[in-house]
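Read through the structure below, which is laid out as structure tokens, and then see the notes.
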Amino acid sequence: MARKYAIEQFRNIGIIAHIDAGKTTTTERILYYTGKTHKIGSVDDGTTVTDWMDQERERGITIVSAAVSAVWKRHLINLIDTPGHIDFTAEVQRSLRVLDGGVVVFDAVQGVEPQSETVWRQADLYQVPRICFVNKMDRVGASYNRTVDMIRERLGANPLPLQVPIGAEDQFRGVIDVITRKAYIWETRDGGSPVEVEIPEELKEEVEESRHTLVEVIAETDEKLTQKYLEDVIITEEELKKALREAVIANKLTPVLCGSSLISTGVQPLLDAVVEYLPSPVDIPPVEGVDPKTKEVLLRKPDDSEPLSALVFKIVTDPYVGRLAYIRIYSGVIEQGTTVFNPGKTKRERIGRLIRMYADRREDITRAGAGDIAAVLGLKGSFTGDTLCDAKSPIILENITFPDPVIMVAIEPKTSADQEKLATALQKLSEEDPTFQVRVDGDTGQTLISGMGELHLEVLVDRMLREFKVQARVGRPRVAYKESITRPVEKVEYRHVKQTGGHGQFGHVVLNLEPGKDGSGIVFEETIRGGAIPREYIPAVEKGVRAAAESGVLAGYPVTDVKVTLVDGSSHEVDSSDLAFKMAGSMAFRLGVQKGSPVLQEPIMKVEVIIPEEFLGDIIGQINARRGDVLGMEAHPGGTKGVRAMVPLAEMFGYATELRSATKGRGAFTMEFDHYSNVSEELSKKLVGGV
């Protein structure tokens, strides 16, 4: 079946920005102008297409990325509206992994904001070509030139203004296209089309200066145009646009446009720029993957005739139709009712239904080809980051990397009836969101949920209540401390002797204990000679040691990193048994731990904080105040610094909020477990006293 749109006419783009820069409002105007909606929705009224969740409409923010498709000038635009809040950064990450281009929206009053820096770094990571849209030009304090300067200075980008605004603040009426030297104004503010007018006299000089700079900057990216420029030969509009497109795709230049989405001004030229300058799937290099057996690097061109390769980038639990998997098809064709192969799980999957998503609405389609973004119903074992391919030509595409969760809380059902429902809800939500993790702490017995921030977990708990009807209590978790010894102990002896009416119990063991390597746990060895303890009883001694290690002598925390050697003992022909030797092993171990100068150990986290350089001193002070050790610092793009440190987990609770407060929301951090370390004597007394 022939395609309705050639692959060259595809534009897979994401709208990315800081919270409240106007992403969703811009998306609404795009849907209106492309004929997908006949009424412009409002974030304030909760009537937007892409913010469809109750939690999004109540809070006025985007929480999950929503995919919509629209057509502009015979080009199919697959558009993803992403969240701006840092707690939902994973939604941006997974979207950028599968998109070919991005529209970065900036607030003309605020300029480059903290989350703008974060999403820009994420786009750099995936080498996504971008165009910038300076929004809210009608607001008091708006400045187009200041925002362009901030893009250059803070983001380390190479912005190229393509427009000169007509008016500013409440006098903002339109834009002048610097390449074509045409001026457009919007006479109405309710979604009308622009009207071409003469360039205002007072702006003619500025336009010519801007055009001269633009021609010079574009010419520098192309050898032929450089020659023409040096020879003073006129460079045509078509040549400028072609060279600019190539420079954008190569990430050498970032075009900047302006407007105000709320008053429907400047959106049509933005759509034109998406079509003219952002890449189609054929403009980007073929996707790379590896052969699952040979690990040989394979390439797949964006072509329907190539073998199928697609990436699952998002899972959504739909209360009506079940689990929806969003996929980006890089090569080949996927058809409804066919079977595909998941090489990572070595499983075949049947494509039940193939759907083109329109936020929370859906349209059934029979096939999707290379370059397309679609959703699939019916996948049983495929999750975010999995590859779907042709079983005859298997390939595994690069997975999506997500930041580790940084905040943990304990959760428990309010009633026994909620117990089973809670487990189901947690499983489904963790399938949807890779940054939401669930585990049961074996030491405290608590169910711990981890996420990217307090708002992230608050929204998920709210979803449990509304979507899964689960009543749950959320609290603060306990840190899982451990115990160990600090010096070797030799020949710890214990005889377990018990005389009863019939057979008695007799078990006699001699143990050596010594501190083990970090992370080694309990290591048990035996050097019994001459049959002092019959071989059949040695496993019972080990069981006794391990059972005793589950509860230490200081505060009842598990004992770890101890090497135990069974060196001697004795037995009785009649009274010895597994139980007797298990008891002897258990008691000997406890005695040995008491003699080995026991200490409490706490989990130490490897922390990396990324902040603008101006906040470096404050952040190092914060880390020191939290008993942290700074290991080093390194420069990051865009004038930011990365601080690496080791910090006790007990000190990291509430740090996300403190960091954002100290850096005006511009700091971010990642945290992962590294090792256990001895607690100071002072803190140990406090902890043991509190148990």
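- Here Thr338 pairs with Glu335, Ile351 under the side chain to side chain contact (heavy atoms under 4.5 Å, CB included) rule; sequence neighbours left out.
- Using modelled atom types, one finds no donor on one side chain facing an acceptor on the other under 3.5 Å when comparing Ser261 with Thr25.
- What you find for Ser331 and Pro307 is that their closest heavy atoms are OG-O, 2.7 Å.
- The two residues Ile365 and Ala374 make their nearest non-hydrogen contact at CD1-CB, 4.5 Å.
- Partners of Lys347 according to the side-chain hydrogen bond (donor to acceptor under 3.5 Å, both in side chains) rule, which considers only residues two or more places apart in sequence or in another chain, do not exist here.
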Kindly list each side-chain donor-acceptor pair under 3.5 angstrom involving residues 419-429, sequence neighbours excluded, with atom names and distances?
residue : atom : partner : partner atom : Å
Lys421  : NZ   : Lys469  : O            : 3.0
Thr424  : OG1  : Glu420  : O            : 3.2
Gln427  : NE2  : Glu431  : OE2          : 3.1

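- Leu299 has its side chain out of reach of Val287: every pair of non-hydrogen atoms, C-beta onward, lies at least 4.5 Å apart.
- With sequence neighbours excluded, no residue satisfies side-chain hydrogen bond (donor to acceptor under 3.5 Å, both in side chains) with Lys380.
- Residues meeting the side chain to side chain contact (heavy atoms under 4.5 Å, CB included) test with Gln336, sequence neighbours left out: Leu354.
- Under the side-chain hydrogen bond (donor to acceptor under 3.5 Å, both in side chains) criterion, Glu349 pairs with Ser382, sequence neighbours left out.
- Here CG of Asn342 is found 8.0 Å from CD1 of Ile396. Values are rounded to the nearest 0.5 Å.
- Annotation: side chain of Ile13 is not in contact with side chain of Ile131 (no heavy-atom distance under 4.5 Å).
- Atom CG in Leu311 sits 9.5 Å away from atom CD1 in Ile327 (nearest 0.5 Å).
- When the shell of 6.0 Å around NZ of Lys224 is examined, it contains 12 or fewer heavy atoms from other residues, nucleotides or ligands.
- Counting only heavy atoms from C-beta outward, the side chains of Ile179 and Leu244 approach each other to under 4.5 Å.
- To the nearest 0.5 Å, the span separating CD on Gln268 from CZ on Arg29 amounts to 11.0 Å.
- Counting heavy atoms from C-beta on, the side chains of Leu397 and Arg97 come closer than 4.5 Å.
- Between Pro279 and Arg11 the shortest heavy-atom distance is O-CD, 3.6 Å.
- Across every non-hydrogen atom of Leu76 and Ser69, the tightest pair is CD1-CB, 4.3 Å.
- Phe106 and Trp120 have tilted rings, their planes meeting at an angle from 30° to 60° on a 0 to 90° scale.
- With sequence neighbours excluded, the residues that form a side chain to side chain contact (heavy atoms under 4.5 Å, CB included) with Pro302 are Ile7, Pro281, Val282.
- Taking the side chain as every heavy atom from C-beta outward, Gln122 and Ile16 never approach each other to under 4.5 Å.
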Derivation of the side chain to side chain contact (heavy atoms under 4.5 Å, CB included) call for Arg300 and Cys389: CA-CA 11 Å; Arg300 290 280 192 272; Cys389 65; over 6 Å; no
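- Annotation: salt bridge (Lys or Arg N to Asp or Glu O under 4.0 Å) contacts involving residues 388-401, sequence neighbours excluded, are absent.
- Residues satisfying the side-chain hydrogen bond (donor to acceptor under 3.5 Å, both in side chains) test with Asn399, not counting sequence neighbours, are none.
- Residue pairs satisfying the salt bridge (Lys or Arg N to Asp or Glu O under 4.0 Å) criterion with at least one member in residues 239-248, sequence neighbours excluded, are listed as follows: Lys228-Glu239, Lys241-Glu276, Lys242-Glu246, Arg245-Asp283.
- When side chains are defined from C-beta on, Leu155 does not count as touching Arg130, because their heavy atoms never get closer than 4.5 Å.
- Considering only residues two or more places apart in sequence or on other chains, Thr384 meets the side chain to side chain contact (heavy atoms under 4.5 Å, CB included) condition with Arg94, Ile315, Ile400, Phe402, Pro434.
- Side-chain contact check for Val248 versus Leu278: some heavy-atom pair is nearer than 4.5 Å.
- Counting only heavy atoms from C-beta outward, the side chains of Val274 and Leu79 never approach each other to under 4.5 Å.
- In plain terms, the two heavy atoms of Asp386 and Gly381 that are nearest each other are OD2-O, 3.8 Å.
- Thr226 places a side-chain N or O within 3.5 Å of a backbone atom of Ala219 that can act as its donor or acceptor partner.
- Cation-pi geometry between Arg328 and Tyr330 is satisfied (NZ or CZ under 6.0 Å from the ring centre, within 45° of the ring normal).
- Between Leu99 atom CG and Ile373 atom CD1 the span is 5.5 Å, to the nearest 0.5 Å.
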Pairs of donor and acceptor atoms involving the side chains of residues 250-257, under 3.5 Å and at least two apart or interchain, shall be tabulated with distances.
residue : atom : partner : partner atom : Å
Asn251  : ND2  : Gln127  : O            : 3.3

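- Between atom CD1 of residue Ile77 and atom CZ of residue Phe10 there is a gap of 12.0 Å, rounded to the nearest 0.5 Å.
- Here the CG atom belonging to Asn12 is positioned 7.0 Å from the CG atom belonging to Asp372, to the nearest 0.5 angstrom.
- Contact record, Ile218 with Leu160: CG1-CD2, 3.7 Å, taken as the closest heavy-atom pair.
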